[in-house]
Amino acid sequence: MALATLAAFASGCGNSADTTAEKPLTADGTTAGRATSSGEQADGAMGFDTVFKTEERFKQALPDPASMAGWTPKRAGANIEEEPKPAAKCGADTHWDCTSVARGGANFEAAGEEADFDVVAYADNKAAQDACRKEKDWSARYTRAEVPPVPGTESHAYYRNAGGLDGLDLTLCLGTVIAQVRLEGEGSSLDPATAHSLAQLFVPRIQRAAAS
């Protein structure tokens, strides 16, 4: 596996953004608290055939410091699989990302809340769709979160409790990738509106990266 650090983020990490500042408002201008019941969403996903296998494409897809005003960039990178596993070697019990060909991620922090963005890439639409179904089945063990549908994707969200950490995971399936927005951290209210707002920023970047 080859590891690439995204230079565009390296220059942004450690900037002067104030992590003690009030968290950015969500799309509706609120910082509403955590939802307590479940909700599943699906929307007509915008398909594309582009395979994300280069550092540059992940750099375009992941949010950068300029797009995340009020958040401090912490780290970012991309992993390109040198020898992706074929589906024949990924049985029913393997993790949903077993057949992925690459992945990239970026992490930001504001007032004790972390926002993680991940893109897991596959060789074609079918592989991505199969992984999306597997991820959805795998996540069903957790409590669903009420996050509105994210246009251009098939999406679902869950509250996760693992290793003593609480988090909200919003999964977005579109084209040849599975993208995720995760909220966690002691300062996080695990607000579905925040996850939805960040996803609305994230998805167009992925679509533009696929089209570039």
Side-chain angles (χ1 to χ4, degrees), residues 3-36 58-79 95-97 100 103-121 135 138-139 141-148 150 153 155-172 177-206:
L3 173 64
T5 300
L6 304 187
F9 288 87
S11 61
C13 293
N15 64 14
S16 58
D18 182 4
T19 61
T20 63
E22 187 174 324
K23 278 182 274 189
L25 298 179
T26 57
D28 60 0
T30 70
T31 53
R34 172 177 176 171
T36 56
F58 281 104
K59 190 184 298 184
Q60 294 172 5
L62 293 165
D64 58 12
S67 66
M68 291 289 288
W71 295 79
T72 300
K74 307 300 289 185
R75 55 190 173 273
N79 297 310
H95 194 269
W96 56 267
D97 66 357
S100 64
R103 70 185 305 151
N107 174 271
F108 296 81
E109 190 270 343
E113 178 169 47
E114 291 189 14
D116 297 330
F117 298 87
D118 289 296
V119 177
V120 182
E135 191 282 332
W138 180 82
S139 293
R141 74 188 74 179
Y142 299 105
T143 302
R144 292 180 183 176
E146 290 184 346
V147 178
V150 179
T153 77
S155 58
H156 51 273
Y158 296 86
Y159 293 114
R160 292 187 57 190
N161 303 91
L165 297 175
D166 291 331
L168 188 159
D169 283 7
L170 172 57
T171 299
L172 312 158
V177 307
I178 296 177
Q180 291 186 310
V181 176
R182 172 178 292 179
L183 299 177
E184 59 186 6
E186 293 182 359
S188 178
S189 60
L190 306 184
D191 181 10
T194 299
H196 188 258
S197 178
L198 294 174
Q200 289 180 301
L201 176 153
F202 194 14
V203 169
R205 295 184 66 93
I206 295 171

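FYI, side chains are in, hydrogens and waters are out, and symmetry mates aren't considered; it's all heavy atoms of this structure. Just so you know, residue 1 is the first one in the sequence shown, and it goes up from there.
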**Intermediate values then yes/no, side-chain contact (heavy atoms from CB on, under 4.5 Å), R182 and R160** = CA-CA 10 Å; R182 172 178 292 179; R160 292 187 57 190; 2.6 Å; yes
**Message:** Determine whether D169 and Y159 satisfy the following criterion, side-chain contact (heavy atoms from CB on, under 4.5 Å), listing intermediate values before the conclusion.
**Reply:** CA-CA 6 Å; D169 283 7; Y159 293 114; over 6 Å; no
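A donor-acceptor pair under 3.5 Å links the side-chain atoms of E109 to the main chain of G112, judged by distance alone. For the pair S139 (side chain) and E135 (backbone), a donor-acceptor distance under 3.5 Å is present.
Listed by chain and residue number, H95, R103 satisfy the side chain to side chain donor-acceptor pair (under 3.5 Å) test with D97 (two or more places apart in sequence, or in another chain).
Taking the six-membered ring for Trp, F117 and F202 have ring centres closer than 6.0 Å.
Between V147 and A157, the closest heavy-atom pair is CG2-CB, 3.6 Å. The two residues D191 and L183 have their closest heavy-atom pair at O-CD1, 3.6 Å. For the residue pair W71 and F108, the shortest heavy atom distance occurs at CB-CB, 3.9 Å. The shortest non-hydrogen separation linking S188 to E113 is OG-OE2, 2.6 Å. Considering every non-hydrogen atom in both L198 and A115, the closest pair reads CD1-CB, 3.9 Å. Of all non-hydrogen atoms in A195 and V181, the two that sit nearest each other are O-CG1, 4.4 Å.
Between atom CG of residue N79 and atom OG of residue S100 there is a gap of 9.0 Å, rounded to the nearest 0.5 Å. Taking CD1 from I206 and CG from L62, the interatomic distance works out to 7.5 Å, rounded to the nearest 0.5 Å. Rounded to the nearest 0.5 angstrom, H196 NE2 and L168 CG are separated by 12.0 Å.
Each of V119, V177, V150 was evaluated against L172; a single residue qualifies, V150, per the side chain to side chain contact (heavy atoms under 4.5 Å, CB included) test.
In summary, the side chains of T171 and Q180 do present a donor paired with an acceptor at a separation below 3.5 Å, with no hydrogens or angles considered.
Between D64 and R205, at least one side-chain nitrogen of the basic residue sits less than 4.0 Å from a carboxylate oxygen of the acidic one, meeting the salt-bridge criterion.
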